[in-house]
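Throughout, protein chains are lettered first and strands after them, A, B, ... in sequence-line order, and every chain is numbered starting at 1.
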Protein chains: 2
Amino acid sequence: MANQSDTKTKILDSAEKLFAERGFSETSLRLITSKAEVNLASVNYHFGSKKELIRAVLARYMDVFMPAAAAAIIQVKQQKQCASLDDIFSSLVSPLLDLNTVRTEGTLIFLQLLGRGYIESQGHLRWFITTHYGQYLTQFVHAVAESAPEIPAAEMFWRLHFTLGTVVFTMASADALTEIAAADFEEHNDIEAVIRKVIPYLSAGVSAPVG
Amino acid sequence: MANQSDTKTKILDSAEKLFAERGFSETSLRLITSKAEVNLASVNYHFGSKKELIRAVLARYMDVFMPAAAAAIIQVKQQKQCASLDDIFSSLVSPLLDLNTVRTEGTLIFLQLLGRGYIESQGHLRWFITTHYGQYLTQFVHAVAESAPEIPAAEMFWRLHFTLGTVVFTMASADALTEIAAADFEEHNDIEAVIRKVIPYLSAGVSAPVG
DNA sequence: GTCTATAGAATGATAGAC
DNA sequence: GTCTATCATTCTATAGAC
């Protein structure tokens, strides 16, 4: 009991980093436990299975981010009666960057995990996210729809998924991209700089004239 | 020798489908050969290894698509002296859809493979693409940059990667998304419809005012 | 709660007969 | 060029001692 949460946390810390970098199926429990310096069997003792470990890793971020994001959106809608798309997207920057204070590289890891989960999973993660955090997602969709009332709902459905794709893919390759940008353009971007770059792109895309 | 290309083709046909659906590492050689109704050992006989099979699958599409895309861009630039971003992106639609005539679901499979390759690979596929098809990529980047001269080169680098992310992510989840759209909005989209939907989003994003 | 040891299943790859 | 048989490795998961 003494070191329970210590071992559990060591596993989570080690796992989230490796999952974000290499993907879920490319990361073995052996790698996780050796980096965490705990015994292989402890994963199954504390989490039951690899699948449940994956969900626990994601939940630790979602439980922090989702309520914070919801509060930020409510706040921006109170301050401006007609919040723009840029306002809505920008309001998410603080909750995202606050994840860096919770854990080293928290923002990057969270977004990479989200991307991996969306693309890799055969459904169990998508199901986990929508059933556990569906209320927040609905709230976000409504806020965006309000800010771009000229876009029909069906079109908005597609554009929000385009947006998710842009963010998730960018974050999954963020390390490689910042490296190339540094070499080719002598730009030195951290995660916040990348987020700030992507927002104008997203806003313009979501509110583009309907073909 | 008699059935050489027959077996080789059966393997490629079976592999590309499975790779696109499930990803590379989630697809075993056993699954590929059993669906292709060939012997397990034939993969290593014809391709040498799983890695080389993956490259061969991608190359079969790239060798068709890349020259066609290059020709389409040259053509649109000849017809209009000031081709817009929309013109450039739209010129790629035909080469993409022509892949459907080469193979059933060719367009979707190609784009899904591209996305999987970009995200999953630890470098060998990215290296393969840039060394074998780098000339085409450079040409494409130049064409886009010409059509949006107000965007600085470094910013354009980022926006083109945002664009790539949007496209490959959308295609990787295209099946799920069209299903949801059909259920929720009674929209029935094929791959061409999805491509036509994404182009305005991309054009607006790439040419968005620089923050 | 943590450890060793191992079961049990799956994988990529290959040797060698035909 | 195709087959069977198998090797060597890796993986998740668990039983049982401490």
Side-chain angles (χ1 to χ4, degrees), chain A residues 1-60 113 116-117 120-125 128, chain B residues 1-60 113 116-117 120-125 128:
Chain A
M1 186 173 92
N3 284 7
Q4 170 189 0
S5 71
D6 196 41
T7 297
K8 214 169 161 174
T9 304
K10 274 200 235 164
I11 294 172
L12 285 170
D13 290 346
S14 166
E16 67 172 32
K17 217 173 157 116
L18 292 165
F19 284 152
E21 273 171 14
R22 317 159 42 100
F24 298 113
S25 63
E26 298 291 327
T27 303
S28 67
L29 296 183
R30 280 175 163 77
L31 185 59
I32 292 169
T33 51
S34 75
K35 292 252 180 194
E37 296 179 310
V38 302
N39 190 273
L40 171 62
S42 60
V43 171
N44 274 278
Y45 176 80
H46 285 289
F47 298 96
S49 71
K50 185 179 178 180
K51 252 183 193 170
E52 286 170 88
L53 171 61
I54 292 174
R55 287 200 281 266
V57 162
L58 209 69
R60 201 164 57 144
L113 287 174
R116 302 277 186 197
E120 235 183 88
S121 88
Q122 314 287 2
H124 82 102
L125 258 187
F128 172 73
Chain B
M1 186 172 90
N3 285 7
Q4 171 189 358
S5 70
D6 196 40
T7 297
K8 217 171 161 174
T9 304
K10 274 201 235 166
I11 293 172
L12 286 170
D13 289 346
S14 166
E16 66 171 33
K17 217 175 157 111
L18 291 166
F19 284 151
E21 273 170 16
R22 316 160 42 100
F24 299 114
S25 63
E26 299 289 328
T27 304
S28 68
L29 296 183
R30 283 175 165 78
L31 184 58
I32 293 169
T33 51
S34 75
K35 291 253 181 191
E37 295 179 310
V38 302
N39 189 273
L40 171 61
S42 60
V43 171
N44 275 278
Y45 176 81
H46 285 289
F47 297 96
S49 71
K50 186 180 177 180
K51 251 183 194 171
E52 288 171 86
L53 170 61
I54 292 174
R55 287 200 282 265
V57 162
L58 209 68
R60 201 164 56 144
L113 287 174
R116 302 277 187 196
E120 234 182 272
S121 88
Q122 313 287 358
H124 82 103
L125 257 187
F128 171 74

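The listed nucleotides are C/dT14, C/dG1, D/dG1; the one nearest the side chain of A/Tyr45 is C/dG1.
For residues 42-60 of chain B, the pairs satisfying salt bridge (Lys or Arg N to Asp or Glu O under 4.0 Å) are B/Asp13-B/Arg60, B/Glu16-B/Arg60, with sequence neighbours left out.
A straight line from NZ of B/Lys10 to P of D/dT2 spans 9 Å, rounded to a whole angstrom. In this structure, A/Ile11 atom CD1 and D/dA13 atom C1' are separated by 14 Å, rounded to whole Å. Per the geometry, CZ belonging to B/Phe47 stands 16 Å off P belonging to C/dT14, to the nearest Å. The separation between A/Asn44 atom CG and C/dG8 atom P is 16 Å, rounded to whole Å. Counting to the nearest Å, the P atom of C/dT11 and the CZ atom of B/Phe24 are 17 Å from each other.
The two residues A/Ala20 and A/Leu113 make their nearest non-hydrogen contact at N-CD2, 3.8 Å. What you find for B/Asn44 and B/Ser49 is that their closest heavy atoms are OD1-CA, 3.8 Å.
Other residues, nucleotides and ligands place no more than 12 heavy atoms under 6.0 Å from the NZ atom of B/Lys35.
Applying the 4.0 Å criterion to OP1 and OP2 of D/dG1, one finds that B/Thr7 has every side-chain N and O outside that range.
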Could you walk me through whether B/Arg116 and B/Phe19 pass the side-chain contact (heavy atoms from CB on, under 4.5 Å) test, one step at a time?
CA-CA 8 Å; B/Arg116 302 277 187 196; B/Phe19 284 151; over 6 Å; no
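When atom types are taken as modelled, the side chain of B/Ser34 and the backbone of B/Leu31 share a donor-acceptor pair closer than 3.5 angstrom. In this structure a side-chain-to-backbone donor-acceptor pair under 3.5 Å is present from B/Glu120 to B/Phe24.
Rounding to the nearest 0.5 angstrom, the gap separating the CD1 atom in B/Ile32 from the CG atom in B/Leu40 is 10.0 Å.
The stretch residues 34-42 of chain B touches DNA chain D through B/Asn39, B/Ala41, each having a heavy atom within less than 4.0 Å of the strand.
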Dump the pairs, protein N or O against N or O of nucleotides 7-11 of chain D, anything under 3.5 Å, distances to one decimal.
| residue | atom | partner | partner atom | Å |
| --- | --- | --- | --- | --- |
| D/dC11 | OP1 | A/Ser28 | OG | 3.4 |

